[in-house]
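See below for the structure under consideration.
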Amino acid sequence: QKEVEQNSGPLSVPEGAIASLNCTYSDRVSQSFFWYRQYSGKSPELIMSIYSNGDKEDGRFTAQLNKASQYVSLLIRDSQPSDSATYLCAFGARGYSTLTFGKGTMLLVSP
Amino acid sequence: EAGVAQSPRYKIIEKRQSVAFWCNPISGHATLYWYQQILGQGPKLLIQFQNNGVVDDSQLPKDRFSAERLKGVDSTLKIQPAKLEDSAVYLCASSLSGQARGSPLHFGNGTRLTVT
């Protein structure tokens with residue numbers, strides 16, 4: 001059974017700091033990895049996708065993937081109070097496969 | 001581009017009653033998903049359609065849940081009879097194709113179901 005493990009948090013960081021969110025997964029055939037952000041009472045929205053080992057940067061966000069260790073992380077630089085949300089990691093295998101989501105990590109950025 | 005439309009936004013029913021949710025995906029999106037998100041958990045896939053065919057319904061409680069996607073566009077999800085543990089947000093999502101790479105999911109606003 002495919003599983004995704006995330007620390008539920010909350011992870012508290014001060015404004016301007018780097019927030020580091022981590023996720024491990026059990027399915028070795030996973031090919032695609034995603035980070036979704038979900039504000040309280042809202043639906044998830046995609047913020048990053050990564051398919052190859054290494055780092056991928058997009059603005060203040062950096063996703064890191066290590067397939068050998070079955071580990072994916074999200075770094076948020078210069079954290080802002082508006083980044084306070086739950087961050088869900090998700091992965092999918094090749095082809096017409098579904099995404100499996102983790103439970104999410106709540107991030108709190110204090111001014 | 002119009003987003004994924006869902007209705008109703010909220011629904012309160014008593015246990016053993018039935019309920020139906022409606023979803024209209026983004027125009028041109030072939031793949032439609034229904035997810036269940038219980039408070040404090042991540043979304044769990046209930047069913048995935050590719051056009052009007054079912055790709056994955058392995059986690060759908062088929063004794064009480066049913067879903068259809070007639071003509072490969074709109075979809076309805078039904079629960080009959082509802083149980084207390086069905087209280088959750090039901091999220092509809094769509095994507096251009098079922099292949100996860102390069103085809104992100106777009107979620108609707110969800111329907112919050114409370115079963116009393």
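Sequence lines set the chain letters: A, B, ... in the order given, protein chains first and strands last, and positions in each chain run from 1.
- For the residue pair Ser43(A) and Gly110(B), the shortest heavy atom distance occurs at OG-N, 4.1 Å.
- Two different hydrophobic clusters hold Val4(B) and Tyr90(B) under the rule that ILVMFWY side chains link at heavy-atom gaps under 4.5 Å.
- Atom OG1 in Thr86(A) sits 12.5 Å away from atom CD in Gln41(B) (nearest 0.5 Å).
- Separation of atoms CG (Leu105(B)) and CG (Leu99(A)) is listed at 5.0 Å; rounding is to 0.5 Å.
- Phe107(B) CZ to Lys42(A) NZ: the interatomic distance, rounded to the nearest 0.5 Å, is 15.5 Å.
- At a 4.5 Å heavy-atom cutoff, Phe33(A) makes no contact with chain B through either its backbone or its side chain.
- Residue Ile38(B) qualifies as enclosed at atom CD1: its count of foreign heavy atoms under 6.0 Å is above 12.
- Surrounding NZ of Lys62(B) are more than 12 heavy atoms belonging to other residues, nucleotides or ligands, all under 6.0 Å away.
- The environment of Arg9(B) atom CZ is dense: over 12 non-hydrogen atoms of other residues, nucleotides or ligands sit within 6.0 angstrom.
- Transitive grouping of hydrophobic side chains (ILVMFWY, heavy atoms separated by less than 4.5 Å) brings Val109(A) and Leu74(A) into a common cluster.
- Between Phe101(A) atom CZ and Tyr35(B) atom OH the span is 5.0 Å, to the nearest 0.5 Å.
- By the 6.0 Å contact criterion, CG on Leu39(B) is open, its count of non-hydrogen atoms from other residues, nucleotides or ligands being 12 or less.
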- Message: For a side chain to side chain contact (heavy atoms under 4.5 Å, CB included) check, start with the C-alpha distance between Glu45(A) and His106(B), then their side-chain angles and the critical distance, and finish with the verdict.
- Response: CA-CA 7 Å; Glu45(A) 56 178 333; His106(B) 298 265; over 6 Å; no
